[in-house]
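Worksheet: the structure to be examined is printed underneath.
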Amino acid sequence: MLEHIPEGVGHALHDVRPGMEKLVWADPALVAVPDTIRLTSPAFEDGTALPVRFTDDGVGISPPLAWDNITDAAAELLLIVEDADPPLLSPLVHAIVHRLTPAPGFLTEGELSTGEPGVQIGRNSYLRTDWLAPDPPTGHGPHRYVFQLYALGAPSDLGAHPGRSAVRDVLEALAIARGRLIGTYERR
C-alpha cells in the first residue's frame with residue numbers, strides 16, 4: 001500500500017516518525033521490566049536488514065523467531081511487532097501473538113502469515129489478524145521493526161484478537177520479563 005506513495009513525498013516525510021520512544025517497549029510502566037529473554041531469528045541478526053522475502057517487496061511472509069531464557073515464573077508469552085518509523089504519529093503494529101507457551105520456543109517462517117492452528121493472533125494496525133509485511137514508503141529512509149517478546153506472570157485473559165491498547169494494558173499489569181530483536185528495512 002505505501003509503495004504507491006511517490007518518492008518525493010517519502011523524502012518530504014522523512015522526519016515524520018514516532019520513534020523508539022513511542023513503542024510499547026518504551027512505556028514508562030514497562031522500562032523496569034527485566035530484559036532477560038533472548039529473542040533471535042535465523043533469518044537476520046539484531047539491528048540488520050530483514051531479508052526482502054519478509055516484506056511487501058517479496059512474498060511478505062513472517063520471519064522465523066526463536067526464544068529462550070524464559071523465567072520459570074512465566075504463565076504465558078506475548079509477542080508484539082511494531083514499526084518505530086512509519087510516517088505517522090504512532091508506531092504501526094505488524095503482529096500481535098498471545099498465549100504462547102512460557103518456555104523456550106519458536107515461530108516458523110510464515111507461521112503468522114498462514115494462521116497456523118494454535119497460534120493466537122491479535123489485530124495489526126490494519127485490523128487484520130495476520131502478519132503485516134513491512135511496506136515503508138520509497139524515500140522515507142530505513143524503518144526499524146521491533147519484535148518484542150514479554151513473559152507474563154499470570155494468564156492474560158485477552159480476547160481472541162486483541163489490539164495494541166489491550167496488549168499494552170495487560171503488559172503494564174502482568175509483564176515480568178522481556179526481550180527484543182530489531183530488523184530494518186528500507187525501500188529504495
Side-chain angles (χ1 to χ4, degrees), residues 1-3 23-25 37-70 74-86 88 90-136 143-152 155-168 170-171 174-175 177-187:
M1 181 183 293
L2 296 179
E3 73 273 10
L23 296 174
V24 167
W25 185 268
I37 298 173
R38 188 173 31 248
L39 180 60
T40 62
S41 175
F44 65 96
E45 296 290 324
D46 186 39
T48 66
L50 290 167
V52 172
R53 71 180 177 275
F54 304 121
T55 74
D56 211 42
D57 292 326
V59 290
I61 60 173
S62 59
L65 299 171
W67 53 86
D68 61 15
N69 204 29
I70 306 301
E76 72 176 75
L77 301 176
L78 185 149
L79 174 75
I80 182 168
V81 183
E82 295 179 289
D83 177 358
D85 301 301
L88 303 168
S90 296
L92 200 65
V93 175
H94 285 262
I96 293 172
V97 184
H98 61 110
R99 297 186 186 136
L100 291 166
T101 302
F106 61 92
L107 291 170
T108 60
E109 182 172 303
E111 192 166 355
L112 301 181
S113 308
T114 58
E116 292 289 321
V119 177
Q120 297 290 319
I121 301 177
R123 291 188 316 270
N124 62 35
S125 286
Y126 289 2
L127 304 178
R128 296 188 336 227
T129 55
D130 61 0
W131 168 250
L132 177 60
D135 184 24
H143 284 219
R144 293 165 291 179
Y145 299 90
V146 185
F147 297 77
Q148 306 156 73
L149 185 65
Y150 293 87
L152 307 181
S156 67
D157 196 28
L158 285 165
H161 305 295
R164 185 178 192 262
S165 61
V167 164
R168 178 176 255 168
V170 161
L171 292 176
L174 301 176
R178 64 186 186 163
R180 76 176 179 186
L181 172 67
I182 299 174
T184 64
Y185 188 67
E186 178 177 7
R187 179 174 279 133

Problem - Exercise: identify the closest heavy-atom pair between L50 and P134 - result: CD1-CG, 3.9 Å
Fill in the blank from the handout: d(L65 CG, L149 CG) to nearest 0.5 Å is 8.5 Å
Problem - Under 3.5 Å: donor-acceptor pair, side chain of T101, backbone of A103 - result: no
Exercise for the section: For F147, enumerate each residue passing the ring-ring contact (aromatic ring centres under 6.0 Å, His included) test, keeping only those at least two apart in sequence or located in another chain. Expected result: F44
Fill in the blank from the handout: Those residues at least two apart in sequence (or on a different chain) that pass salt bridge (charged side-chain N to carboxylate O under 4.0 Å, His left out) with R180 are none
Completion exercise
Smallest heavy-atom separation, H98 atom then G159 atom, equals CE1-O, 3.2 Å
Handout entry: Residue pair A75 / P155: nearest heavy atoms and the distance that separates them
Key = CB-N, 3.7 Å
Completion exercise
Taken in chain and number order and not counting sequence neighbours, the residues that satisfy side-chain contact (heavy atoms from CB on, under 4.5 Å) with A151 are I37, T71, A74, L77, I176, A177
Problem - Residues which pass ring-ring contact (aromatic ring centres under 6.0 Å, His included) with Y150, listed by chain and number, not counting sequence neighbours - result: none
Completion exercise
Closest non-hydrogen atoms of I96 and P162, given as atom of the first, atom of the second and distance, are CD1-O, 3.7 Å
Handout entry: Value rounded to 0.5 Å, distance of CG in D157 from CG in L174
Key = 9.5 Å
Exercise for the section: Give the minimum heavy-atom separation between P104 and I70, together with the two atoms involved. Expected result: N-CG1, 3.9 Å
Exercise for the section: Quickly, which of D85, L23, I80 forms a side-chain contact (heavy atoms from CB on, under 4.5 Å) with P91? Name it, please. Expected result: L23
Problem - Interatomic spacing from CG in N124 to CG in L92 - rounded to 0.5 Å - result: 7.5 Å
Exercise for the section: Only pairs at least two apart or in different chains count here, so list each salt bridge (charged side-chain N to carboxylate O under 4.0 Å, His left out) that has a residue in residues 37-55. Expected result: R38-D68, R53-E109
Completion exercise
Of Y145, Y185, F54, the one forming a ring pair (Phe, Tyr, Trp, His ring centres under 6.0 Å) with H94 is Y145
Exercise for the section: Identify, with sequence neighbours excluded, every residue that meets side-chain contact (heavy atoms from CB on, under 4.5 Å) alongside R123. Expected result: L127, T129, H161
Handout entry: Short side-chain to backbone donor-acceptor contact, R144 and I182, under 3.5 Å
Key = no
Exercise for the section: Compare every heavy atom of L107 with every heavy atom of L100, then report the nearest pair and how far apart it is. Expected result: CD2-CD2, 4.4 Å
Practice task
Look up atom OG1 in T55 and atom CG in D135, then write down how far apart they are to the nearest 0.5 Å.
Solution key: 8.0 Å
